J.: 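So that we are looking at the same thing, I have put the structure below in structure tokens.
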There are 2 protein chains.
Amino acid sequence: MKRGPQRSVNTETVLDAALELLDAGALTMRALAARLGLTPGALYTYFPDRAAIVTALADRLLGQANLDLLEHGGGSPAERIVAFALNLREVLMRHPAAVPAILGAAFNGPVALRVGESLLGALPDPRAAYTVMVYVLGSIALEAAETGSPVAPEAERIAARRAAFAVDPAAFPRTHAAADAIAAYVSTEQFRWGLERVLSAL
Amino acid sequence: MKRGPQRSVNTETVLDAALELLDAGALTMRALAARLGLTPGALYTYFPDRAAIVTALADRLLGQANLDLLEHGGGSPAERIVAFALNLREVLMRHPAAVPAILGAAFNGPVALRVGESLLGALPDPRAAYTVMVYVLGSIALEAAETGSPVAPEAERIAARRAAFAVDPAAFPRTHAAADAIAAYVSTEQFRWGLERVLSAL
DNA sequence: ACCTGAACACCGTTCAAGT
DNA sequence: ACCTGAACACCGTTCAAGT
């Protein structure tokens, strides 16, 4: 399962190992160094501190989303936004532990700038573009917050939510009646439904 | 500025001190104990671990929002949702360091259940209600992520964003042209504008 | 430039023992 | 029930010294 120490260490191999550890909820400078066959202090040759590693990871992950779907995809601007958003959600939900970092470093990184520029191409009003970003990143953040690693398939996660859901029907009648829909809050269908509604208003 | 150790320690006084430390970005069990005139181990009489303190803090903060605005306020359901959302944003933005915890513990706490139930009263379709929650919590999370403590007034934060904003106009023409609007992403006006658009589609 | 060894200044949590 | 003292098993970061 685990690979041995890397042959040659560089910025990229440090990030590779850091992402694996972050996914496992065990990203410490000491664990990272050990995995690379180094002493903790050696890491400071590659990054100034731990936060810089996490920021670089966030930008790199954002870069794995397929921007072509937004820039050169088929269909209307709204359809291209939906396609890109679905892809971004898929990419980020592979690494839920990294999502809070992306929220934090959201718009400082070089990749984030490109995404923002392309989004303004599809949706020229910046207020509208930001509303979409808020919805997409907010959805992913809420979903990631309750997801462990490794990420279970969506159907399983929804079933687990449904099974764990128990509220007093007398105190919370509407919530109790909506249990099925609430369990499906983390579904692709809910994500798409909300996004399409939001886009229809912009 | 700082108060001395509390006279009598209980769950509430622990949370009071914990919130002050969280705001200062310095919530450690040792600092918390010291502020209460205790030894670190004594804290485990009140809470099972650090995470439980943060969760309790998140629920308590959510409880400071005025739910009456949503349940018994005047105007249409949409107007009541806007009024409550503005109030919630104000309450949470007083403690930006606590916001990630609220995102995480969003819907486990007792107060969160009450908020959800009331929201379903104003917006009976659960998919629509969740879309609103995503927008509101997403907005607040993005805003909180870039805010230090203590929180500067909104006008100052926007001016600082505008002053710090510099992108290559050749590489990012649309982003460059939208600089003023982008600086105002964290404004109350942007928050309200987006929320009203979202509500209009639901 | 890259890395080690060792240290510094911290963490959260546990637990026997006291009151 | 509440608290201390002391320990255990960790952290991130720095830095002189080596290559």
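Worth saying up front: this structure is predicted, and the values here are computed from it rather than measured. Only this structure's heavy atoms are used, side chains among them; waters, hydrogens and symmetry mates stay out. The sequence lines fix the lettering, A, B, ..., with proteins before strands; numbering per chain opens at 1.
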J.: How far, in whole Å, is C/dC10 from D/dA9 if one measures between their P atoms?
T.: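 After rounding to an integer number of Å, I get 22 Å for this pair.
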
J.: Both A/Met29 and B/Arg30 contact DNA chain D. Taking the nearest nucleotide for each, which residue is further toward the 5' end?
T.: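 The residue mapped nearer the 5' terminus is B/Arg30.
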
J.: Output the residues of residues 41-55 of chain B in contact with DNA chain C, where contact means a heavy atom of the residue under 4.0 Å from an atom of the strand; sort by number or write none.
T.: B/Gly41, B/Tyr44, B/Asp49, B/Arg50

J.: Give every residue pair that meets the salt bridge (Lys or Arg N to Asp or Glu O under 4.0 Å) criterion with at least one member in residues 91-101 of chain B, sequence neighbours excluded.
T.: B/Glu90-B/Arg94

J.: Filter on salt bridge (Lys or Arg N to Asp or Glu O under 4.0 Å), then keep only pairs touching residues 165-176 of chain A, sequence neighbours left out; what's left?
T.: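 Applying salt bridge (Lys or Arg N to Asp or Glu O under 4.0 Å) to every pair that reaches into residues 165-176 of chain A, excluding sequence neighbours, yields A/Arg174-B/Glu117.
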
J.: Among residues at least two apart in sequence or on other chains, which ones pass side chain to side chain donor-acceptor pair (under 3.5 Å) with A/Arg114?
T.: A/Glu71

J.: By the salt bridge (Lys or Arg N to Asp or Glu O under 4.0 Å) test, which pairs, at least two apart or in different chains, include something from residues 139-153 of chain A?
T.: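 The answer is A/Arg89-A/Glu143, A/Glu143-A/Arg157, A/Glu146-A/Arg161.
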
J.: Under the salt bridge (Lys or Arg N to Asp or Glu O under 4.0 Å) rule, collect the residues that match up with B/Asp125, sequence neighbours excluded.
T.: B/Arg127

J.: Name the one of A/Leu88, A/Val186, A/Thr147, A/Thr188 that satisfies side chain to side chain contact (heavy atoms under 4.5 Å, CB included) with A/Met93?
T.: A/Thr147

J.: Using a 4.0 Å cut-off to any heavy atom of chain B, which nucleotides of DNA chain D are the first and last in contact, reading 5' to 3'?
T.: D/dC2 to D/dA7

J.: Strictly by ring-ring contact (aromatic ring centres under 6.0 Å, His included), give each pair with a member in residues 143-187 of chain A just once, sequence neighbours left out.
T.: A/Tyr185-B/Tyr130

J.: If pairs are Watson-Crick or G-U with both distances under 3.5 Å, what is the dot-bracket string of DNA chain D, marking crossing pairs with [ ] and pairs to another strand with |?
T.: ||.|||||...|||||.||

J.: For A/Thr55, which residues count as a side-chain contact (heavy atoms from CB on, under 4.5 Å) partner, sequence neighbours excluded?
T.: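 So A/Thr55 forms a side-chain contact (heavy atoms from CB on, under 4.5 Å) with A/Ala105.
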
J.: Regarding A/Thr39, tell me which of base, sugar-phosphate or nothing describes its non-hydrogen contacts under 4.0 Å with the strands shown.
T.: base

J.: Taking only residues two or more places apart in sequence, or in another chain, which ones meet B/Asp68 in a salt bridge (Lys or Arg N to Asp or Glu O under 4.0 Å)?
T.: none

J.: In whole angstrom, give me the gap between the C1' atoms of C/dA16 and D/dC2.
T.: 15 Å

J.: Could you work out, with side-chain contact (heavy atoms from CB on, under 4.5 Å) as the rule, every residue matching B/Ala159, not counting sequence neighbours?
T.: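 So B/Ala159 forms no side-chain contact (heavy atoms from CB on, under 4.5 Å) with any residue.
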
